[in-house]
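See below for the structure under consideration.
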Amino acid sequence: MADPGLVGGSPPVTPSIPSPSPVPSPSTPAGIFDAALSAPSELFRGSREILQDSYVPSRLPHREHQIRQVAEVLAPSLRGEVPSNLLIYGKIGTGKTAVVSQVRSELLRRPEARGRINFITFNCANVDTPYSLLQTIGNNFATKESDRIPTGWSLDRVQASMRDLIDGRTGTLILVLDEIDRLVKKSGDGVLYTLSQINSELEKGRVVLVGISNDLKFTEGLDARVRSRLHEEKILFPPYDAPQLQDILRDRAKEVFRDGVVEPGVIERCAAYAALENGDARRAISLLRLAAETAERERAKRITPDHVVKAKNRYDLDVVVECVRSLPPHCKILLYAILQGYERRRGGVLTGEVYEGYTKLSQKLALPPLHPRSISNYVIELESLGLIQANVVSRGRGGRTREIFVEVPVSETMRALEDDELLKVLARPRLLSQTLLTNFDNPNRTGPSYG
DNA sequence: CATCCACAGGAACTTGGGGGCA
DNA sequence: TGCCCCCAAGTTCCTGTGGATG
């Protein structure tokens, strides 16, 4: 089985996929993809992968300085010395992961790195418990099946086994922990303490930690020893501004689109939308991709600024629907109760009302309702996902509570919930919301405006 | 200015599931 | 097979909060 969240290191073993039968099944309308595949794309020249999040371009505009900084920190590993631990901060889509990935490639390309440097990258959103982290690190070094660390051992045993496996190889292990703040938030700093002091227990191997975080303040709650070890070096990635985002988009566009298909104003509009949202380059690139796909579906010969506007509306709604679908069952019921209350009151709903609504819905669905404490946690989770805004308000003798506002289009979100197997019995006929496109396309919108 | 209300939210605990080991 | 481990989800218990009220 492939290690979850492992981005670098040994390639995961993938099961062989049987080749598809060339004969279409009788129930499949033959040739439904023929039209889409036969004609070459009029817009795309290069692989569409160039516009995916996972693609790391050969050039990272406006990140030359950061690349140099990361390289300088890690360079001692090429001389057989132990580099300092490194923390990289910056908001989403500021190029942190891409820069580390590029430095990694350059580093491993050097002849001095051969047999001397191992580079493993984890995303702590997937590997977020001490056990799974130590297990995955150890298993990355296991050369035979019997060396692998299974699930079910005590944490001490996993730790000792991982240490032995790392020490089985000479050289430096550069351990990149992407979204390290999520690991700390979920499991505390114990495992970081273990990793940050592991070098004192190793004879041959050496470990260097490179933490990547979106949260500039995540080290505030750390144990002082862990903080000082992690903070040996730190690099801040500032958000991109609109002209910088335009440069990034032009680079990608040149690579992926045919000449002259991108109309003036397209790049500028994608960059402007993304610049408004924390200078997120990923978002800018996704918008460009969606705009191109929209143009392609319309069989347009060129991508226009209008396609960007359509793409932006689609992007926002897709994100919401996908997010809603991935919620746990009780969280979906809670969100439905919030939406109902919000629609009824045409404004903020209080925790007590929401809990009452949630309890009624649960009973309707023949599910035992959760305790208010658990619901309180779900409210926090929904807020962190950006679906609602929950402000703590004190109402005097009315007590202290949270006033909850909905941050997504009510009708569309309810419909997404009603599509769910669990909640479909709640579905009712409703009018199509006219608010969606106008609300989503107003970047200057302040505060809750749906409902 | 003490009291009150209706929670907020931290911490410890319980439960149940997936897995290893002797 | 029984006992151990980890982990996620949920519960219980508790203290804290802050503005209206008397």
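To find a chain, count down the sequence lines: A is the first, B the second, and so on, and within it residues start at 1.
A:Leu155 comes within 4.0 angstrom of the backbone, heavy atoms only, and of no base. Contact annotation for A:Tyr355: no contact, since no heavy-atom pair falls under 4.0 Å across all strands.
Relative to the side chain of A:Pro150, the nucleotides B:dC21, B:dA6, B:dG9 differ in distance, and B:dC21 lies closest.
The shortest distance between the side-chain N/O atoms of A:Ser374 and the OP1/OP2 oxygens of C:dT11 is below 4.0 Å. Applying the 4.0 Å criterion to OP1 and OP2 of B:dC21, one finds that A:Trp153 has a side-chain N or O inside that range. Distances shown here put every side-chain N or O of A:Thr401 at or beyond 4.0 Å from the OP1 or OP2 atom of B:dA6. Note on A:Tyr378: a side-chain N or O is less than 4.0 Å away from OP1 or OP2 of C:dG10. OP1 and OP2 of B:dA6 both lie 4.0 Å or more from every side-chain N or O belonging to A:Arg397.
The interatomic distance linking A:Arg402 (CZ) with C:dG18 (P) rounds to 15 Å, in whole Å. Across the protein-nucleic acid pair, A:Asn391 atom CG and B:dC7 atom C1' stand 15 Å apart, rounded to whole Å. Rounded to whole Å, the distance from CG on A:Leu327 to P on C:dA9 is 12 Å. What separates CG of A:Asn139 from C1' of B:dG20 is a distance of 14 Å, to the nearest Å. Across the protein-nucleic acid pair, A:Arg400 atom CZ and B:dT3 atom P stand 20 Å apart, rounded to whole Å. Atom NE2 of A:His330 is separated from atom C1' of C:dA8 by 14 Å (rounded to the nearest Å). Separating the CZ atom of A:Arg148 from the P atom of B:dG19 is a distance of 15 Å, rounded to the nearest angstrom. Remark: P of C:dG10 and CD1 of A:Ile380 are 14 Å apart, rounded to the nearest angstrom.
For the pair A:Glu322 (side chain) and A:Val319 (backbone), a donor-acceptor distance under 3.5 Å is absent.
Residue A:Arg373 places a side-chain atom within donor-acceptor reach of the base of B:dG9, judged by atom type and a 3.5 Å distance cut-off alone. Contact of A:Ser394 with C:dG18 (side chain to base): a donor-acceptor pair of N or O atoms is detected under 3.5 Å.
In this structure, CG on A:Leu288 lies 5.5 Å from CG on A:Leu51, to the nearest 0.5 angstrom.
Taking the nucleotide of DNA chain B with the nearest heavy atom to each of A:Arg157 and A:Asn377, the more 5' of the two is matched to A:Asn377.
Residues A:Asn199 and A:Glu201 have side chains that never bring a donor and an acceptor to within less than 3.5 angstrom of each other. Side chains of A:Arg206 and A:Ser77: no donor on one and acceptor on the other come within 3.5 Å.
With respect to A:Lys312 and A:Asp316, a salt bridge is recorded, a charged nitrogen being found less than 4.0 Å from a carboxylate O.
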